[in-house]
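Right, one structure below, let's go through it.
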Number of protein chains: 2
Amino acid sequence: MEGKADVAGKVKDLNGKTRASLLHMAGEVFAEGGFHAATVRDICRRARVNAASINYHFGSKGELYAAVLEYSYAQTLPEFPGALKDRSGPPGERLSLFIRGFMQSVLDEGRPAWYGKLMAREMVEPTSALDRIVDKAIRPRHKFLRELVVELLGYRPADEELSRMAFSIIGQCLFYYHARQVIARLNPSVRYDTRGIGRAAAHIALFSLSALKAISRGKKGG
Amino acid sequence: MEGKADVAGKVKDLNGKTRASLLHMAGEVFAEGGFHAATVRDICRRARVNAASINYHFGSKGELYAAVLEYSYAQTLPEFPGALKDRSGPPGERLSLFIRGFMQSVLDEGRPAWYGKLMAREMVEPTSALDRIVDKAIRPRHKFLRELVVELLGYRPADEELSRMAFSIIGQCLFYYHARQVIARLNPSVRYDTRGIGRAAAHIALFSLSALKAISRGKKGG
DNA sequence: AAGTGTATCAAACATTTGTTTGAACGTCAA
DNA sequence: TTGACGTTCAAACAAATGTTTGATACACTT
């Protein structure tokens with residue numbers, strides 16, 4: 001009944017055309033509307049395969065979702081891990097680069113890299129995959145941001161306060177993703193192409209660096 | 001067939017017990033999981049009424065949702081409009097009060113005031129009701145924030161830049177709502193009771209005021 | 001008492017969801 | 001050629017969804 005799909009899935013991976021097509025289209029559909037809004041029929045229609053293919057190749061919609069996360073995470077691996085450990089250059093510049101890179105991965109509509117979007121979606125509408133995402137993707141970035149904040153402040157605040165600093169920075173970034181429909185209505189001039197993302201990232205970097213600098217000064221002075 | 005429900009809805013409003021019960025339970029359910037995740041059967045079960053009641057009293061699930069938004073908005077009316085026009089007191093203090101009030105309305109789990117949550121949900125998962133919410137609730141707050149930022153900066157930046165300042169502030173606030181599942185995993189010590197909300201609000205106010213002050217100084221000095 | 005309109009209910013309805021089934025097709029080894 | 005295996009497909013399935021229906025009970029008027 002279940003052929004070789006489960007066992008061989010990890011062996012052949014993308015050998016089969018159907019399987020690869022499903023993986024890509026599923027990534028697209030999941031990134032668009034989240035896990036629940038996505039339908040297997042829509043995914044299969046776009047992938048031009050039979051509706052039963054998902055269950056044959058992945059077992060279920062949920063396991064397909066997990067496979068998409070795993071796959072897209074592996075795709076983005078070459079991008080980040082270097083940046084997440086890079087300690088060269090002034091910390092302010094590293095923060096700017098991090099913010100821009102993060103926003104690109106979440107907002108850029110062009111390339112088929114849905115991992116950022118899937119990550120952002122999981123925050124709002126969690127599935128059983130959230131724990132894995134937190135451990136593999138979010139926690140490393142959070143830690144990276146915390147250390148950067150320590151450098152920028154010049155001292156290490158209490159644990160909770162330090163987390164809040166990171167939250168303040170990431171919160172600004174994610175707002176552009178989560179509230180993009182509202183932003184489009186409040187200020188239609190805000191664009192989401194590479195230039196627009198760059199402008200948003202530049203503002204967030206300026207805003208955050210200014211805050212950290214002023215807080216640092218206040219702490220040292222008082 | 002459609003009796004007096006549609007016509008009389010606006011006349012009697014909450015006279016009927018069933019209608020009122022539905023309105024309250026629907027608000028609760030919609031706030032929990034959004035419009036799509038909510039089911040009419042769940043709402044009716046909690047309200048202890050028949051499953052057909054929603055269509056009888058409101059016409060459809062969508063119109064019930066609209067009615068909930070309208071009702072909960074009317075409930076929160078007494079709270080805000082004063083605050084949104086208050087020009088007394090130092091602007092920094094007014095910003096702190098705004099942030100705290102906004103976060104309370106979005107995060108507080110105790111009271112049955114779902115308007116904040118529904119508003120935050122509409123941003124991420126918009127329905128056809130978004131336009132109305134933007135006009136009636138979001139735009140006034142956005143405008144209020146912009147004017148406050150102008151006061152705090154001491155000058156008026158370009159339109160887009162000014163909007164981004166407001167986005168940076170609101171983005172920090174909404175992160176605590178949208179990413180609460182992730183926050184719980186990253187830093188379990190962050191609480192969502194009144195004290196915890198107050199602490200988060202205080203941090204966001206400090207962070208934002210520091211940023212605005214430093215940016216203002218930089219602009220004037222350079 | 002009869003009549004009128006409102007409200008509530010259990011049941012059924014049509015649609016959509018994820019999933020399963022059984023047949024058909026192709027490939028390759030014996 | 002035969003038989004086994006992996007793959008694809010149309011069709012059907014069971015469950016859940018929003019909605020509709022027809023009957024029944026109640027309140028109030030005439």
Side-chain angles (χ1 to χ4, degrees), chain A residues 1-27 29-30 32-68 125 127-129, chain B residues 1-27 29-30 32-68 125 127-129:
Chain A
M1 179 184 291
E2 53 193 58
K4 67 157 198 184
D6 286 352
V7 181
K10 293 166 189 172
V11 179
K12 323 183 32 188
D13 258 345
L14 302 188
N15 266 0
K17 249 182 55 182
T18 335
R19 191 185 162 88
S21 184
L22 273 176
L23 217 41
H24 281 86
M25 284 305 152
V29 176
F30 283 140
E32 279 176 17
F35 177 77
H36 289 104
T39 73
V40 299
R41 280 181 170 80
D42 183 24
I43 294 171
C44 291
R45 199 180 321 121
R46 295 205 214 178
R48 302 183 186 284
V49 300
N50 186 272
S53 306
I54 285 181
N55 296 278
Y56 178 76
H57 284 281
F58 298 92
S60 71
K61 180 190 176 186
E63 292 174 79
L64 168 63
Y65 184 67
V68 166
E125 190 190 17
T127 72
S128 59
Chain B
M1 179 184 292
E2 51 192 59
K4 69 160 196 183
D6 285 352
V7 181
K10 294 167 187 170
V11 180
K12 334 180 27 190
D13 257 343
L14 302 187
N15 265 359
K17 251 181 54 183
T18 336
R19 190 185 164 89
S21 184
L22 273 176
L23 218 41
H24 281 86
M25 285 304 151
V29 177
F30 283 139
E32 279 176 18
F35 177 76
H36 289 104
T39 73
V40 299
R41 280 181 171 78
D42 182 25
I43 294 171
C44 290
R45 199 181 321 118
R46 295 206 216 179
R48 302 183 187 284
V49 301
N50 185 270
S53 306
I54 285 181
N55 297 277
Y56 178 77
H57 284 281
F58 298 92
S60 72
K61 181 189 177 187
E63 292 174 78
L64 167 63
Y65 184 67
V68 167
E125 188 190 19
T127 71
S128 58

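Throughout, a chain's letter reflects where its sequence line sits, starting with A, and its residues are numbered from 1.
With rounding to the nearest 0.5 Å, the separation of CD1 in Ile43(A) from CZ in Arg41(A) is 12.0 Å. Separation of atoms OH (Tyr65(A)) and NE2 (His36(A)) is listed at 9.5 Å; rounding is to 0.5 Å.
Contact annotation for Ala37(B): no contact, since no heavy-atom pair falls under 4.0 Å across all strands.
When the nucleotides dT8(C), dG18(D), dT20(C) are ranked by their closest atom to the side chain of Tyr56(B), dT8(C) comes out on top. Of the candidates dT19(C), dT19(D), dT8(C), dT19(C) carries the atom nearest the Val40(A) side chain, counting heavy atoms from C-beta on. The side chain of Asn50(B) lies closest to dT8(C), out of dT8(C), dG18(D), dT20(C). In this structure, of dT17(C), dT17(D), dC9(C), it is dT17(C) that holds the atom nearest to the side chain of Arg41(A). Residue Lys61(A) places its side chain closer to dT19(C) than to any other of dT19(C), dT19(D), dT21(C). Distance from the side chain of Thr18(B) is smallest to dT8(C) among dT21(C), dT8(C), dT19(C).
The side-chain contact (heavy atoms from CB on, under 4.5 Å) test with Val40(B) is passed by exactly one of Ile54(B), Leu64(B), Asn55(B): Ile54(B).
Rounded to an integer number of Å, the gap from His36(B) NE2 to dT17(C) P is 11 Å. As rounded to whole Å, 7 Å separates atom C1' of dG18(D) from atom CG of Asn55(B). Rounded to whole Å, atom P of dG18(D) lies 14 Å from atom OH of Tyr65(B). Nucleotide dA10(C) holds its C1' atom 18 Å from the CZ atom of Arg48(B), rounded to whole Å. Rounded to an integer number of Å, the gap from Arg19(B) CZ to dT6(C) C1' is 14 Å. The separation between Leu22(B) atom CG and dC9(C) atom C1' is 14 Å, rounded to whole Å. Taking atom CD1 on Ile43(B) and atom C1' on dG18(D), their separation rounds to 11 Å, with Å as the unit. Separating the CZ atom of Arg45(B) from the C1' atom of dC9(C) is a distance of 16 Å, rounded to the nearest angstrom.
Cation-pi check for Lys61(B) over Phe30(B) is not met; the charged atom does not lie both under 6.0 angstrom from the ring centroid and within 45 degrees of its normal.
Residue His57(A) places at least one side-chain N or O closer than 4.0 Å to OP1 or OP2 of dT8(D).
Within the 4.5 Å cutoff, no side-chain heavy atoms of Thr18(B) are placed close to those of Tyr56(B).
For the pair Ala51(B) and Gly62(A), nearest-nucleotide mapping onto DNA chain C gives the more 5' position to Ala51(B).
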